[in-house]
2 protein chains.
Amino acid sequence: MDSGGFFKSNVMNVAKSIKKTGKDDPRRVIHSLKVGLALTLVSLFYYSRPLYDGFGVAGMWAVLTVVVVFEFTVGGTLSKGLNRGCATLLAGALGVGAQHLAIAFGKKGEPIVLGALLFILAAGATFLRFFPRIKARYDYGVVIFILTFSLVTVSGFRVNEILELAEQRLLTILIGGATCMVVSILVCPVWAGQELHNLVASNIQKLANYLEGFQAEYFQDKQKSKSSLQGYKSVLGSKASEESLGNLARWEPGHGAFRLRHPWKQYLKLGALARECAYKIETLNTYLNPEIQECMELRCKFEEPCKIMSSESSKALKAISSSMKTMTAPSAAKCHIENSKTATKLLKVALETISLEDAQLIAIIPVVTIASILEEITKTVEKVYDSASELSNLAHFKNVESNVSPEKQPPPHLLHRGTINPLVVDIANNNNNNNNNNNNNDQIEITIHDIISSESPEKVENAPPKSCAENAQSNSCAVVNIIVCH
Amino acid sequence: MDSGGFFKSNVMNVAKSIKKTGKDDPRRVIHSLKVGLALTLVSLFYYSRPLYDGFGVAGMWAVLTVVVVFEFTVGGTLSKGLNRGCATLLAGALGVGAQHLAIAFGKKGEPIVLGALLFILAAGATFLRFFPRIKARYDYGVVIFILTFSLVTVSGFRVNEILELAEQRLLTILIGGATCMVVSILVCPVWAGQELHNLVASNIQKLANYLEGFQAEYFQDKQKSKSSLQGYKSVLGSKASEESLGNLARWEPGHGAFRLRHPWKQYLKLGALARECAYKIETLNTYLNPEIQECMELRCKFEEPCKIMSSESSKALKAISSSMKTMTAPSAAKCHIENSKTATKLLKVALETISLEDAQLIAIIPVVTIASILEEITKTVEKVYDSASELSNLAHFKNVESNVSPEKQPPPHLLHRGTINPLVVDIANNNNNNNNNNNNNDQIEITIHDIISSESPEKVENAPPKSCAENAQSNSCAVVNIIVCH
């Protein structure tokens with residue numbers, strides 16, 4: 001390729017990556033324009049003569065404030081702006097105090113006292129930045145505190161008009177900060193709280209997608225798209241962004257459906273549980289390797305309960321995620337949680353029917369491990385549900401039950417009915433002894449009911465678990481009945 | 001409690017937490033003092049009259065630079081200082097160019113052209129910050145670019161002595177930046193590269209501690225300290241700090257044992273594998289629950305291989321971690337890796353001896369799952385070893401083999417010898433058919449040799465896998481022989 005062509009292809013690549021970055025999140029483009037707007041607005045203070053006479057060189061602090069304070073989210077801008085304002089005020093006052101103190105020590109003592117004070121305050125404030133709580137919320141304020149204190153003490157030594165200077169600087173910082181906040185809130189605002197809400201909901205959705213994909217790929221040998229099986233990976237490392245959004249969200253006023261004291265902490269708990277689930281999925285993913293998918297014959301015995309566990313857990317997570325998106329109580333997930341719990345009992349029943357005459361134990365290790373990890377995932381999904389319910393209570397999410405009229409419910413539809421016999425009665429004796437191994441010739445009849453929505457698919461599309469959601473209160477949907485016949 | 005007592009206990013708490021923060025990492029105290037020192041040094045430019053006359057108000061830029069640029073690590077300070085310097089230079093030049101261009105449009109057009117240019121450049125530069133690569137390395141530079149460009153264009157509109165101003169500002173920034181760098185490098189430096197090296201090594205050590213603790217707690221019912229079983233949790237979320245240290249380390253010159261172009265990227269790969277291992281350990285940890293530790297009788301059959309897998313994996317990780325600390329090749333880990341791999345074969349043999357007449361399959365699910373996850377962990381540990389070996393090659397770590405004279409080797413010592421029969425021959429036929437289930441009455445004799453170091457324990461203490469390390473090249477240590485007798 002000649003150098004011209006090389007150059008051209010390079011330019012094309014850069015152009016493509018710019019287009020992609022903008023397309024991935026158009027708010028990035030808007031944010032860039034907002035920064036340009038705020039900066040141009042503030043530079044008016046310099047351009048227009050009357051204002052210039054009032055503020056002088058201090059006007060450049062307004063420009064500086066805009067550049068440094070303007071952040072992507074409203075919470076970020078407010079946090080930095082308020083930190084900057086308060087720290088400047090505090091450090092300015094302390095600086096003036098330090099000046100007065102130093103003057104008392106005479107012409108020779110003044111620089112020594114000021115230098116010592118500066119050293120002590122700078123070192124002390126820097127040490128404060130190592131405390132995690134201060135680091136998370138007031139880090140920028142501490143930096144500005146050191147900055148302003150050193151500028152006031154140092155410049156005051158020469159200028160002798162500190163008070164006037166301080167007033168000018170505070171006023172310009174106020175103008176710069178206010179411009180940022182106004183532009184940030186009024187022009188297409190990006191709320192950190194809303195971002196956190198969406199991030200946690202989409203993370204839970206990603207876990208649901210994986211479990212759905214796993215079920216299809218492993219148990220039905222359907223090739224799923226790579227993206228649904230890889231999406232959960234981003235959940236593994238979401239801790240840092242969730243925590244930073246959580247810290248920023250606290251600075252924001254009420255917005256949209258979120259009140260001022262929205263329980264942001266609960267999102268961090270919910271996010272941590274979603275990550276716990278993702279860690280287990282990461283381990284599960286090791287077994288989704290075609291080369292260790294052996295022994296089709298035995299897998300069948302595990303398939304039914306494992307399929308139910310993964311699909312019902314997936315549906316539960318989807319219901320939680322979509323109820324978060326609509327800010328309603330996650331009651332629709334309840335029956336899926338119950339189903340997946342029943343499936344773990346079903347698994348125990350299936351396990352007891354396996355005789356190892358057919359095959360060696362070694363051949364079923366992968367599928368046994370998968371079943372066991374799925375059971376653990378089921379437990380974690382229940383924890384996610386409990387945490388989401390707590391969030392729904394704390395944040396006063398709408399309760400959907402009142403919206404559903406009983407007449408609307410379609411008649412129950414029998415999806416699946418299975419009978420396994422003979423086998424051990426374990427479930428009925430659950431309360432007496434969990435590990436009893438009697439080999440009686442008892443029978444267990446397993447019946448699985450599921451409701452298929454009679455609505456058209458288009459209507460159901462936007463709320464995947466709608467058929468279930470509508471009937472969550474009646475407890476009649478997707479019930480797995482395990483009837484013990486003696 | 002009266003208000004005086006309440007106040008006193010509060011003060012005591014704060015004092016305690018200050019003491020703890022300082023004690024956890026004494027370098028924090030040193031860093032705080034360094035910032036104080038650099039700031040006091042720079043403020044001398046203001047205090048001393050001759051310098052003041054030269055720099056004027058611009059001297060405050062030196063103070064500002066110190067406060068904003070001084071970071072905990074040398075890499076952080078260099079990165080910010082260089083970013084600040086280059087961005088100021090570039091933006092200053094562009095600003096002067098913009099001024100010249102604007103003047104050509106006459107008195108009325110000037111502010112409009114400058115405003116438009118400011119808007120375009122600020123918006124464009126802000127958009128650049130969304131690119132991950134730029135965000136990671138040049139984020140601060142872009143901010144300073146916008147800042148300087150707006151200050152130059154805006155102030156130039158009034159002052160008309162931009163070039164002189166720019167020269168002053170660059171010089172003061174240079175002085176501030178140079179002071180930071182000198183203090184940062186000369187006074188107890190904290191190198192980001194060294195930090196990254198230590199972080200990855202200690203993460204691997206934490207995984208080793210867990211596996212050791214798990215082995216003791218689960219298989220020997222010994223109560224281990226909570227800390228050894230909880231330490232791995234911090235590895236799960238180490239991605240962000242590893243990546244930021246990796247980015248900073250690139251800015252650093254050669255230091256200590258690290259050359260200028262040390263393969264920092266390889267540390268990130270190694271760290272990612274350690275996390276992969278930690279995710280599996282997190283899943284394994286679910287099963288370290290006393291209530292699911294059932295069926296002692298069957299557990300015994302799994303115990304031996306599982307014990308070897310976890311203890312040898314733990315030893316391998318320890319050997320890798322301590323070889324990193326001494327910057328030597330991790331050859332000592334090789335034999336532990338081989339042992340843990342042999343243990344997985346041993347596990348397969350053990351699995352084949354289990355008859356389910358003794359107990360239901362359901363009762364052994366937890367221990368089967370543990371064995372299966374341990375096998376996956378073993379595989380990941382091998383990947384960690386491969387990655388550590390690659391790092392050792394890339395970074396030219398010392399090879400330890402030349403240090404060991406053959407005479408020093410103690411004679412082999414038989415630690416363990418076990419015979420299991422009758423059972424299925426699977427290992428010998430590995431190449432022919434992996435899943436064959438013939439029930440011949442063949443015999444397998446399993447012999448496990450291990451070398452016990454004849455040195456005194458005090459000598460071994462500082463290098464846990466030393467007995468093995470010394471003999472790594474002879475391939476005679478801790479060999480598990482599996483002899484198939486037809």
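Hydrogens, waters and symmetry mates are skipped; everything else that's a heavy atom, side chains included, is used. Per chain, numbering begins at 1; letters A, B, ... match sequence-line order.
Of all heavy-atom pairs between B:A122 and A:G36, the closest is CB-CA, 4.2 Å.
A ring-centre distance under 6.0 Å is found for A:H31 and B:F130.
For a residue to count as touching a neighbouring chain, one of its non-hydrogen atoms must lie under 4.5 Å from one of that chain's; by this rule B:L37 touches chain A with backbone and side chain alike. Residue B:L121 does not touch chain A at all, counting heavy-atom pairs closer than 4.5 Å. For A:L284, no part sits under 4.5 Å from any heavy atom of chain B, backbone or side chain. Heavy atoms of B:V29 lying under 4.5 Å from chain A belong to its backbone as well as its side chain. For A:S17, the parts sitting under 4.5 Å from any heavy atom of chain B are the backbone and the side chain alike. Residue A:L347: no heavy atom, backbone or side chain, is found under 4.5 Å from chain B. Interface remark: A:L236 contributes backbone and side-chain atoms alike to the contact with chain B (heavy atom separation under 4.5 Å).
In this structure, the separation between CG on B:L39 and CZ on A:F149 is 10.0 Å, given to the nearest 0.5 Å. For the atom pair A:T286 OG1 and B:Y279 OH, the distance stands at 12.5 Å (nearest 0.5 Å). To the nearest 0.5 Å, atoms OG1 (A:T148) and CG (B:L64) are separated by 9.0 Å. Here the straight-line distance linking atom CG of B:L151 with atom CH2 of A:W61 works out to 9.5 Å at 0.5 Å rounding.
Taking 4.5 Å as the heavy-atom cut-off, the residues of residues 19-27 of chain B that approach chain A are B:T21, B:G22, ordered by number.
Considering only residues two or more places apart in sequence or on other chains, A:K34 meets the side-chain hydrogen bond (donor to acceptor under 3.5 Å, both in side chains) condition with none of them. A:S241 is linked by a side-chain hydrogen bond (donor to acceptor under 3.5 Å, both in side chains) to nothing, counting only residues two or more places apart in sequence or in another chain. In this structure B:T283 satisfies the side-chain hydrogen bond (donor to acceptor under 3.5 Å, both in side chains) test together with A:T283, sequence neighbours excluded.
The residue among B:K280, B:K239, B:R28 with the most heavy atom pairs within less than 4.5 Å of chain A is B:R28. Most heavy-atom pairs under 4.5 Å with chain A, from the set B:V143, B:T380, B:V67: that is B:V67.
Of the possible donor and acceptor atoms, none in the side chain of A:T126 sits under 3.5 Å from a partner among the backbone N and O of B:S32.
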**Request:** May I have the step-by-step check of side-chain contact (heavy atoms from CB on, under 4.5 Å) for B:F119 and A:V35, ending in yes or no?
**Result:** CA-CA 8 Å; B:F119 182 86; A:V35 173; over 6 Å; no
**Request:** Check the pair B:V368 / A:S372 against side-chain contact (heavy atoms from CB on, under 4.5 Å), numbers first and verdict last.
**Result:** CA-CA 9 Å; B:V368 166; A:S372 179; over 6 Å; no
**Request:** Quick one: do B:E276 and A:E282 satisfy side-chain contact (heavy atoms from CB on, under 4.5 Å)? Show the steps, please.
**Result:** CA-CA 8 Å; B:E276 200 181 288; A:E282 170 80 355; 4.0 Å; yes
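No side-chain heavy atom of A:F70 sits under 4.5 Å from any side-chain heavy atom of B:I146.
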